[in-house]
Amino acid sequence: MKDISIIIVNYNVKEFVLNLISSIEKSSKNLAVEVIIVDNASSDGSVELIRNRFPNVKLIVNSENIGFGKANNQGIEIAKGKFILFLNPDTVLKEDTLHKMVDFLNSNPKIGMATCKVLNPDGSLQLACRRSYPTPWVSFTKIAGLSKIFPKSKIFAQYNLTYLPENATYEVDAISGSFMFLKREILDKVKGFDSDFFMYGEDLDLCYRVRENGYKIFYFYETEIIHYKGESTKRSNIDETRVFYNAMSLFVEKHFSSSFLVKIILKVAIQIKESLAFLSKNRIAILPALLDFSLFALMLFIAENYYKKNTTWVGFPNEIKPWIFLIPAFFQVILSFFVGVYKSTSLSVSRTILALFIGLILISSSTFFLKQYAFSRAVVLITYSLTFFVYAVYRIILKIFFHVGNKSHFSRKRALLVGSENELSIFIEKLKKNYLFKDEVIGLISKNMDEIGKVIFDKTILGTFENINKVIQSHKIGKVIFLSKEIDFTQIFNVVGSAKSSEIEFMIAGDELDYLVGKSTVTILDEISFHKLNYNISQDYHQITKRILDVTISLPILVLIFPFVFLKKIFGSKGFFSEIIMEIPSVFFGKKSLVGPRKQDLTEELYLGKVGLFGLWFTENVHQEDSEEINKLNLFYAKNQNIWLDLDILGKSVLKIFYGENNG
């Protein structure tokens with residue numbers, strides 16, 4: 001018999017599961033551990049990779065995604081361990097995790113199941129790792145927001161038990177399925193997971209049945225894991241919000257159906273919570289739709305009053321107010337919806353303008369057929385003229401200044417690499433060849449004190465684990481990358497734990513240094529063929545909008561500013577600003593662009609756009625002689641180019657010219 005059977009359900013998260021298996025190997029020394037992975041029809045090459053790298057892993061391969069609970073039950077059928085650990089694939093264990101959990105469950109025969117401290121990638125406690133049952137009162141305090149307002153109140157904060165200390169061990173109602181450690185004999189008594197739960201809720205249901213059988217469930221703080229959370233659902237087409245609340249409804253139906261009143265209260269609470277979750281998830285679509293409706297009605301009201309004041313027209317009849325304002329506004333919003341204006345991830349200005357143009361044609365045309373409502377086509381034209389302007393302006397402001405729905409917004413973090421000298425050398429060499437890694441490596445952290453100050457490929461070793469927090473603070477580090485093969489996960493956990501609730505992103509490299517995993521991010525470090533990448537800069541739509549932007553901005557500069565700068569230059573006036581203005585004719589006539597690569601110095605065969613007066617090479621903190629870094633930035637720009645990224649770069653460039661140092 002094995003000491004522990006670890007059962008992992010995998011779905012399209014191969015990089016995460018490879019890191020997990022490596023951490024299990026480090027955590028299972030002196031224990032007889034078997035790893036059982038049930039793959040739910042992954043399409044990312046998980047099965048082949050696990051078989052090649054970890055041949056001792058027991059692998060069950062499903063031809064379809066059968067859900068979390070049913071897949072775990074498949075693992076239970078072949079498990080030989082005295083203890084069973086259900087573990088999510090997007091987790092990482094500490095070296096002492098398995099030993100401490102075995103000792104804890106052996107310490108008290110009434111402990112049936114336990115979890116350890118589960119951390120988010122930023123080092124904060126993952127609140128869902130220990131919780132209460134969703135009784136009517138607990139559900140009400142959660143939905144009403146009382147648990148957030150009073151997180152330390154025993155009365156209001158029962159849902160996630162935030163009134164209890166995270167650094168203490170105590171009994172709880174339920175624990176998260178990300179890490180469930182229990183005795184095999186107890187699992188046999190409760191007969192595993194209920195396969196009626198496809199995903200979510202099955203862990204809560206299992207906890208309920210374990211307690212029904214007279215066993216206690218504990219939160220044990222003396223060891224910890226990191227859980228990236230939700231990585232499998234991000235790679236599926238499952239509506240996780242709907243699935244989650246359907247699971248909660250099933251749980252209520254199963255365990256609270258004996259009380260009609262309790263059942264009704266919980267069902268209503270779940271529906272309210274599901275509605276709020278839907279609104280939150282789709283706020284980028286819903287809020288603009290509401291704002292568009294209000295603004296259209298307001299513009300129609302303004303147009304009526306303006307035209308009434310300046311002509312002999314008496315305005316809309318009182319008997320059809322306010323419907324004359326509300327119905328056209330509602331019609332325009334519905335039309336915009338069908339044109340594709342309202343999406344949960346983007347704010348499209350071009351689709352908005354198209355929808356308004358169609359609306360103008362349809363409403364203007366309708367007045368020929370509905371003579372009784374043809375009060376004034378002039379009011380319609382004024383309304384749409386105002387609406388074109390207002391809709392476009394507020395969307396542009398949100399996209400440029402607040403980056404709402406702007407997925408191409410460029411951000412470059414200051415990164416710190418942590419590992420042995422040998423690993424650091426190999427990894428830096430890989431980064432230099434990988435043109436998708438855009439962050440700026442500030443320095444290195446090594447294992448040995450005597451290596452501080454040493455330079456590896458122009459990157460200096462700034463410290464060790466003993467002073468890493470000081471290095472992070474003093475150098476304003478935004479990303480820390482751990483090369484985990486030759487360093488302990490305990491050291492990684494100590495760094496992550498000490499930086500809780502900060503803005504630092506922590507990533508872990510695979511043992512072969514061929515990928516990085518972090519929160520919501522997987523970066524492949526194998527060398528990528530440029531020609532396999534899809535470049536926006538080569539697409540007709542982006543080239544046309546880019547050319548329109550160049551002409552729109554360069555024409556007034558050419559007419560209003562260029563002549564004066566040209567005259568000043570004749571009389572000997574020089575300066576970076578003057579040099580930029582003198583290049584404006586090249587932009588206007590299409591030889592150059594306002595934004596683009598500094599020069600085409602990557603490869604003759606790859607088109608990165610016209611040479612630009614500005615670019616990421618200008619706005620970012622990069623040495624102008626560092627061709628590899630500039631090539632990375634140029635490639636990122638070519639791949640992600642759109643009008644919003646161009647405007648973002650232009651805005652930063654103007655600020656840099658007038659308020660900072662320029663690169664000239």
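Residue numbers count from 1 along this sequence.
Between Phe437 and Ile481 there is a side-chain heavy-atom pair separated by less than 4.5 Å. With contacts defined as side-chain heavy-atom distances shorter than 4.5 Å, the pair Phe588/Val551 qualifies. With a 4.5 Å cut-off on side-chain heavy atoms, Leu608 and Leu635 count as touching. By the 4.5 Å heavy-atom criterion applied to side chains, Trp644 and Leu647 are counted as neighbours. Contact check for Glu451 versus Leu444: no side-chain heavy atoms found under the 4.5 Å cut-off. Residues Tyr228 and Asn19 fail the side-chain proximity criterion, which asks for heavy atoms closer than 4.5 Å. You'll find the side chain of Leu613 reaches within 4.5 Å of the side chain of Lys592, heavy atoms only. For the pair Phe16 and Val92, the minimum side-chain heavy-atom distance is 4.5 Å or more.
The CD1 atom of Ile428 sits 5.5 Å away from the CG atom of Leu417 when rounded to the nearest 0.5 Å. The distance from the NE2 atom of His475 to the CZ atom of Arg414 is 8.0 Å, given to the nearest 0.5 Å. Distance check, rounded to the nearest 0.5 Å: OG1 of Thr545 to CG of Asp550 gives 10.0 Å. Rounded to the nearest 0.5 Å, atoms CG (Leu356) and CD (Gln332) are 5.0 Å apart. Atom CG of Leu650 is separated from atom CG of Leu655 by 11.0 Å, given to the nearest 0.5 angstrom. Atom CD1 of Ile456 is separated from atom CG of Leu424 by 5.0 Å, given to the nearest 0.5 angstrom.
Summarising the local packing, CZ of Phe562 is surrounded by more than 12 heavy atoms from other residues, nucleotides or ligands at distances under 6.0 Å. Residue-environment remark: OH (Tyr306) stays at or below the threshold of 12 foreign heavy atoms within 6.0 Å. Surrounding CZ of Phe388 are more than 12 heavy atoms belonging to other residues, nucleotides or ligands, all under 6.0 Å away.
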| request: Please test Asn120 against Ser124 for side-chain hydrogen bond (donor to acceptor under 3.5 Å, both in side chains), starting from the C-alpha separation and ending with a verdict. | output: CA-CA 5 Å; Asn120 290 309; Ser124 61; 3.1 Å; yes

| field | side-chain contact (heavy atoms from CB on, under 4.5 Å) between Ile468 and Leu462, intermediate numbers included | value | CA-CA 8 Å; Ile468 186 171; Leu462 302 174; over 6 Å; no

| request: Take Glu620 and Glu440 through the test side-chain contact (heavy atoms from CB on, under 4.5 Å) and record every step on the way to the result. | output: CA-CA 10 Å; Glu620 301 305 310; Glu440 179 187 8; over 6 Å; no

| message | Apply side-chain contact (heavy atoms from CB on, under 4.5 Å) to residues Leu616 and Ile649 and explain how you reach the verdict. | response | CA-CA 7 Å; Leu616 293 173; Ile649 292 170; 3.8 Å; yes

| From CA spacing to verdict: side-chain contact (heavy atoms from CB on, under 4.5 Å), Arg412, Leu633 | CA-CA 10 Å; Arg412 192 167 187 247; Leu633 296 174; 3.9 Å; yes

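The side-chain contact (heavy atoms from CB on, under 4.5 Å) with Phe338 is formed by just one residue from the set Val341, Leu335, Ile334; it is Ile334. For the side-chain contact (heavy atoms from CB on, under 4.5 Å) criterion with Ile472, the lone passing option out of Asn467, Val480, Ile442 is Val480.
A distance-only check finds no donor-acceptor pair linking the side chain of Gln641 to the backbone of Tyr535 [under 3.5 Å]. In this structure, the side chain of Tyr391 engages the main chain of Asp292 through a donor-acceptor pair within 3.5 Å. A donor-acceptor pair under 3.5 Å is absent between the side-chain atoms of Arg395 and the main chain of Thr352, judged by distance alone. With hydrogens and angles ignored, the 3.5 Å screen pairs no side-chain donor or acceptor of Ser593 with any backbone N or O of Gly596. Side-chain N or O atoms of Asn12 include one that pairs as donor or acceptor with a backbone N or O of Asp44 at under 3.5 Å. Within the 3.5 Å criterion, the main-chain N or O of Gly615 finds no donor-acceptor partner in the side chain of Arg598. The closest donor-acceptor contact from the side chain of Lys459 to the backbone of Val441 lies under 3.5 Å. Remark: side-chain polar atoms of Thr464 are paired, donor with acceptor, to backbone N or O of Glu466 under 3.5 angstrom.
Checked by atom type, the side-chain pair Lys568/Ser578 shows no donor-acceptor distance below 3.5 Å. Looking at His227 and Asp90, their side chains do bring a donor and an acceptor atom within 3.5 Å of each other. No hydrogens or angles considered: nothing links the side chains of Ser420 and Asn422 as a donor-acceptor pair under 3.5 Å. Looking only at atom types and distance, the side chain of Asn536 has no donor-acceptor partner in the side chain of Tyr637 under 3.5 Å away.
Between Met582 and Val565 the shortest heavy-atom distance is SD-CG1, 4.2 Å. Listed here is the closest heavy atom pair of Ile226 and Pro121: CG2-CA, 4.1 Å. Minimum heavy-atom separation, Ile537 to Gly609: CG1-CA, 3.7 Å. Counting all heavy atoms, side chain and backbone alike, Asp646 lies closest to Lys546 at OD2-NZ, 3.0 Å. Between Thr619 and Ser653, the shortest heavy-atom distance links the atoms CG2-OG, 3.4 Å. Nearest approach of Val587 to Arg547, heavy atoms of both residues: O-NH1, 2.9 Å.
Listed by chain and number, the residues in a side-chain hydrogen bond (donor to acceptor under 3.5 Å, both in side chains) with Lys413 are Glu505 (sequence neighbours excluded).
Two rings, from Phe296 and Tyr384, have their centers less than 6.0 Å apart.
We find that Asp626 and Lys632 are not joined by a salt bridge, their nearest charged nitrogen and carboxylate oxygen being 4.0 Å or further apart.
Classification of the Phe577-Phe658 ring pair by plane angle, with boundaries at 30° and 60°, yields tilted. Ring geometry for Phe330 against Phe293 counts as perpendicular: the plane angle is over 60°, on a 0 to 90° scale with 30° as the lower cut.
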